[in-house]
Amino acid sequence: MSTWIILGATSSMARAFAREMAETGAAVLVAGRDMDDLRALATDLDARGAAAAAALYFDAGDPATFAPIVKVLGATEGKVSAAVFVGWMPSQAEIDANPSLIDQVGAVNYTGPARFLHELAPLIEERGGTVVGVTSVAGDRGRFSNYVYGSAKAGFATYLSGLRNRLNRSGAHVVTVKPGFVDTSMTWGVEGMFLVAAPSAVAKSIAKAVEKKKNVIYTPGFWWIIMTIIKLVPERIFKKLSF
Amino acid sequence: MLWKETDYAGWARVHKARGNVARPERSTQLTRLMEEAPAPAYGMLRSYNDSPLNDGGAAIDMTRMDKILHFDPETGVLEVEAGVQLGDLIRLFAPKGWVPAVVPGTGFPTVGGAIAHDIHGKNHHVLGSFGQHVLSVTLLQPGGKRVEVTAESDAALFRATMGGIGQTGVIVSAKLQMIPTPGNGMTVKETRVGSFDEFLALLDGSDYRYNVGWIDSTATGSALGRGIFEEAELSGGPDKAGGAPALPVPINLPGFALSAPTVKTFNALYWRKVPARGRTHVMSIAQHVFPLDKLHDWYRLYGKRGFHQFQCVVPLQNASVLKEIVQKIARSGLASPLAVIKRMGEGRAGMLSFPMEGYTLAIDFPARDKAETLIKALEAMTVEAEGRLYLGKDALASGDQIKGMYPEWEAWAAQAAKADPDGVLITDIVRRLQLREIGK
């Protein structure tokens, strides 16, 4: 049997991915902070075909919550896989007014998930499995409108790249996912959104990337073209742009 | 962001709205919304008219509240959040031997919408309406009060909620009794029908649990009311699940796409697709009951102005009026290829439920001035035949016409006033038909 742990499972993208995994018949553990919602989600996954489903408490900003989850996973049998969907994007204006938010943005988007994966990595090396790390196109280049969030996601992406290198030695795999604009609560009502993708479509593309052992995917795929262009803009021009 | 200012519309695109919409992802968010800023709810916006709209006001999009809360594989009792889509329930539970007792002609509507309009399907003559299979419904009323209602705990509130167009509280979840199925298939028998009278005889005599007729609404003279009669039973699945993949209609089509000559030609060809001796085949449940779901955004076939779906039901003894209606439509040359006829049973679960024992006809018209004049005439004929129009579809009837068809409307309005004294759940359809204005 194979077990998935989904971190940040109350988000719509994570919920859709958890359902994809449940329908393959895997055991799915969902982790986050809203335990009522997570328990309801576990029942939902169970009805959709998961071999087993349960809710666990996880707070990316509180490393004390990590070890108990790793312990639960240690007690399962078969492959162990993890998908990290946690993310938090306060506006750049909020951060400018209160720079201490940078610590929290770093903890939720980068250091928390990285530390969790580091604690879990030996188990994955032993049993095999897949890590899905959801970063963001915002991490590809620091932009005027959200470079603190972007830099944390960039840090996490670099971590995932190294973790892929490490886990590859034991046959385990890491998929880095860079979503563009997805129709989640994070983008609901935000100005300037375009080509917004449905969470269910993004979840399907992640499931496919896991199956095909892709290393890095943009989802929807056309974001690869957009980000390639954005990365090619010379810095002397880029620094004058404001988007 | 909690609120998004956005444009949205009824499925037929005749009614549109603009306003602030919240889309809760979790139960705690929905509860907080109903405490602090209560608003009417909508689901997949598959009602044809202004039933899900609140133009200029606020609304709650329930599509993300879509969890399965409990499933008992022994009894087929299912508890779900209101945003779950009926097609998903078939996909998930038919392989386990259960399907929702009642589904409409599309799989996209949510359970909340199905309750709010007490929908019916191809098995209405046997199993009645959706609400008759609701064991309990949980409402979240303005102020955040959560009530679980059954037909026994509060009969009046339950009957005001089934088909009650969302006015007794936001429907957050429901417990449904599903029906057993041998598998994810349907065995479908198709018969060519030559005339209106032959159609009625076949509808009266059918002993299948699912049946519906497609009518060629352009045929006149002796061919008036000809069509194809489909009778079906749940069965094991087809050898290969299949059928064509889903296709979008990417743009609004120009007006001539559904002009009279095109429709007449299409209908004549469609009628002949079934051989004169009839045929029987096995397909997946969704393929049979949701024929149009493979064509995403099909409202675009009718162009920018949208369309009307006229649906009436008339009592059995007034079938002659229905024949006159079909005749009037055929002569007008305004109809689209989408026209269905069915015999309904008595089953209805609420005070504003559409069904009555009789024959129902549903037909689409591109939204044009001439078509609207025709529909108004058809509505007057429905009134004369002591029939009913459907609150999930009708866009043109007057408040007095509708109230005359629903003699319990005042009892319903009293329940709505009790649940929502400040009228924060009032939607465009309620305003248009003045449904909550008692004694005015």
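Just so we're on the same page: letters track the sequence lines, and every chain starts at 1.
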- Give the C-alpha distance, both sets of side-chain angles, the deciding distance and a yes or no for ring-ring contact (aromatic ring centres under 6.0 Å, His included) between A:Tyr149 and A:Trp88. CA-CA 8 Å; A:Tyr149 171 76; A:Trp88 181 48; 9.5 Å; no
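Contacts of A:Arg15 with chain B are made by side-chain atoms alone, with heavy-atom separations under 4.5 Å and no backbone atom involved. Within the 4.5 angstrom heavy-atom criterion, only side-chain atoms of B:Leu92, from C-beta onward, approach chain A. The contact between A:Asp37 and chain B is made by backbone and side chain atoms together, counting heavy-atom distances below 4.5 Å. With a 4.5 Å cut-off on non-hydrogen atoms, B:Val21 touches chain A through its backbone and its side chain both. Heavy atoms of B:Asn20 lying under 4.5 Å from chain A are absent altogether.
In this structure a side-chain-to-backbone donor-acceptor pair under 3.5 Å is present from A:Gln92 to A:Tyr147.
Between A:Trp4 and A:Phe17, the ring planes lie perpendicular to each other; the angle is over 60°, past the 30° to 60° tilted range.
A salt bridge links B:Arg26 to A:Asp34: at least one charged side-chain nitrogen sits closer than 4.0 Å to a carboxylate oxygen.
Side-chain atoms of B:Thr110 and B:Arg46 include no donor-acceptor pair closer than 3.5 Å.
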